[in-house]
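Please read the structure below before turning to the comments.
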Amino acid sequence: MAARKPGLIALFDVDGTLTAPRKVTTPKMLEFMRELRKVITVGVVGGSDLIKISEQLGNSVINDYDYVFSENGLVAHKDGKLTGTESLKSFLGDEKLKEFLNFTLHYIADLDIPIKRGTFIEFRSGMINVHNIRPKMISVLREKFAHFNLTFSIGGQISFDVFPQGWDKTYCLRYLDEFQEIHFFGDKTYKGGNDHEIYESERTVGHTVTSPDDTMEQCKALFLS
């Protein structure tokens with residue numbers, strides 16, 4: 001196999017790209033990524049925290065990939081080592097954060113839905129993940145908190161993410177200045193999807209995928225032929 005190509009990196013979304021939605025990675029994908037890593041630098045960028053990414057990609061994920069960006073890159077690992085963190089709490093402050101959470105919880109409490117149990121809000125370092133009832137709720141929150149400069153992005157199968165403008169997946173690109181060619185693979189590349197901004201970035205070559213198998217086929221054609 002050819003030597004590793006310098007200045008080139010491929011970044012991958014997790015859910016729907018490297019794994020089936022909300023499932024764990026397959027041995028076939030793990031082996032494929034090992035082979036791909038022999039040829040190019042490989043990274044993962046997900047909206048979830050590292051614990052959830054590890055549940056899908058394996059506990060050794062930070063060693064299996066050259067770069068692992070959890071929470072859109074707010075928590076960054078390079079070559080198995082933590083290289084950077086940022087906090088949503090420090091950006092908004094306690095009072096704004098409390099105002100947003102209180103409003104969101106009241107909104108959910110007033111929803112007429114058949115089942116109200118489980119985790120509705122998940123607080124992460126760099127974002128808030130809100131489960132279920134997406135498009136209308138996003139519209140309400142976007143109008144109510146326009147002055148907070150927040151971005152609302154549909155992520156996963158049942159939730160949406162809330163984070164400061166610019167803290168989407170393009171945040172991770174600040175760690176990749178050494179690369180002249182950055183390819184990104186994701187399934188939610190449409191406007192409003194949580195892969196859209198990095199897919200559209202002038203710094204990346206964006207690729208829309210429909211499944212892990214499609215990811216492998218596209219990568220074979222681009223990097224392994």
Side-chain angles (χ1 to χ4, degrees), residues 9-37 40-85 118-132 134 153-163 167-172 175-176 183-190 193-199 206-220:
I9 185 172
L11 290 177
F12 298 89
D13 169 52
V14 179
D15 213 43
T17 302
L18 293 180
T19 74
R22 306 178 71 189
K23 303 295 184 181
V24 299
T25 191
T26 63
K28 179 181 177 182
M29 178 59 84
L30 284 172
E31 180 58 30
F32 179 78
M33 283 295 154
R34 291 190 191 102
E35 293 303 309
L36 185 62
R37 195 178 176 193
I40 61 172
T41 303
V42 175
V44 172
V45 53
S48 299
D49 59 30
L50 185 60
I51 292 175
K52 287 199 170 182
I53 290 176
S54 298
E55 288 174 354
Q56 289 187 272
L57 297 184
N59 291 329
S60 62
V61 60
I62 62 172
N63 295 309
D64 291 337
Y65 295 84
D66 300 290
Y67 291 84
V68 175
F69 300 111
S70 51
E71 304 185 44
N72 289 352
L74 274 295
V75 181
H77 287 82
K78 178 183 178 182
D79 298 327
K81 297 179 180 179
L82 182 67
T83 60
T85 61
T119 301
F120 284 98
I121 293 179
E122 179 181 332
F123 186 73
R124 302 171 183 167
S125 298
M127 70 176 71
I128 300 166
N129 186 256
V130 187
H131 296 248
N132 292 320
R134 298 190 281 187
S153 177
I154 290 176
Q157 303 301 302
I158 61 170
S159 62
F160 65 88
D161 298 328
V162 185
F163 45 84
W167 286 22
D168 50 65
K169 287 182 179 177
T170 60
Y171 192 95
C172 75
Y175 295 101
L176 304 176
H183 290 258
F184 171 77
F185 297 82
D187 64 318
K188 291 182 174 60
T189 58
Y190 51 83
N194 66 352
D195 296 326
H196 179 71
E197 289 84 3
I198 190 170
Y199 172 81
H207 305 273
T208 302
V209 301
T210 58
S211 67
D213 284 342
D214 186 35
T215 300
M216 286 189 278
E217 289 304 312
Q218 291 195 40
C219 287
K220 286 177 184 176

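The first residue in the sequence is number 1, and the count goes up from there.
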Practice prompt. Evaluate the criterion side-chain contact (heavy atoms from CB on, under 4.5 Å) for residue pair Leu50 and Ile62; output intermediate values, then yes/no.
Written response: CA-CA 9 Å; Leu50 185 60; Ile62 62 172; 4.0 Å; yes
Discussion item. Looking at Asp66 and Thr41, would you say the former's side chain and the latter's main chain have a donor-acceptor pair under 3.5 Å?
Written reply: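 No, Asp66 side chain to Thr41 backbone: no donor-acceptor pair under 3.5 Å.
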Worksheet item: Restricting to pairs with a member in residues 53-63, which pass salt bridge (charged side-chain N to carboxylate O under 4.0 Å, His left out), not counting sequence neighbours?
Response: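 Salt bridge (charged side-chain N to carboxylate O under 4.0 Å, His left out) check on residues 53-63 returns no pairs.
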Report the distance from atom [atom1] of [X] to atom [atom2] of [Y], rounding to the nearest 0.5 Å.
X: Leu176; Y: Phe69; atom1: CG; atom2: CZ; result: 4.5 Å
X: Asp64; Y: Arg37; atom1: CG; atom2: CZ; result: 7.0 Å
X: Ser48; Y: Arg124; atom1: OG; atom2: CZ; result: 4.5 Å

Fill in: Gly46 to Val14 - nearest heavy-atom pair and separation
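The answer is CA-CG2, 4.4 Å.
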Discussion item. Please give me the minimum heavy-atom distance between Asp13 and Gly186, naming the atom from each residue.
Written reply: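 In terms of heavy atoms, the two residues are closest at CB-CA, 3.9 Å.
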Fill in: Contacts of type ring-ring contact (aromatic ring centres under 6.0 Å, His included), residue His207, not counting sequence neighbours
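Partners of His207 by the ring-ring contact (aromatic ring centres under 6.0 Å, His included) criterion, ordered by chain and then number, come out as His183, Phe185.
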Discussion item. Tell me every residue that passes ring-ring contact (aromatic ring centres under 6.0 Å, His included) with Phe184, counting only those two or more places apart in sequence or in another chain.
Written reply: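 Here no residue qualifies.
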Worksheet item: How about Met29 and Met216: do any of their side-chain heavy atoms sit closer than 4.5 Å?
Response: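 Met29 reaches Met216 side chain to side chain.
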Discussion item. Assess the residue pair Lys220 and Phe32 against the criterion (side-chain contact (heavy atoms from CB on, under 4.5 Å)); give the C-alpha distance rounded to whole Å, side-chain angles, the decisive distance to 0.1 Å, and a yes or no.
Written reply: CA-CA 9 Å; Lys220 286 177 184 176; Phe32 179 78; 3.6 Å; yes
Practice prompt. Applying side-chain contact (heavy atoms from CB on, under 4.5 Å), run through Asp49 and Glu122 and close with a yes or a no.
Written response: CA-CA 10 Å; Asp49 59 30; Glu122 179 181 332; 3.9 Å; yes
Item to complete: Please determine which of Gln56, Lys188, Lys23 meets the side-chain hydrogen bond (donor to acceptor under 3.5 Å, both in side chains) test together with Asp15.
Response: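 Running side-chain hydrogen bond (donor to acceptor under 3.5 Å, both in side chains) over Gln56, Lys188, Lys23 with Asp15 returns exactly one hit, Gln56.
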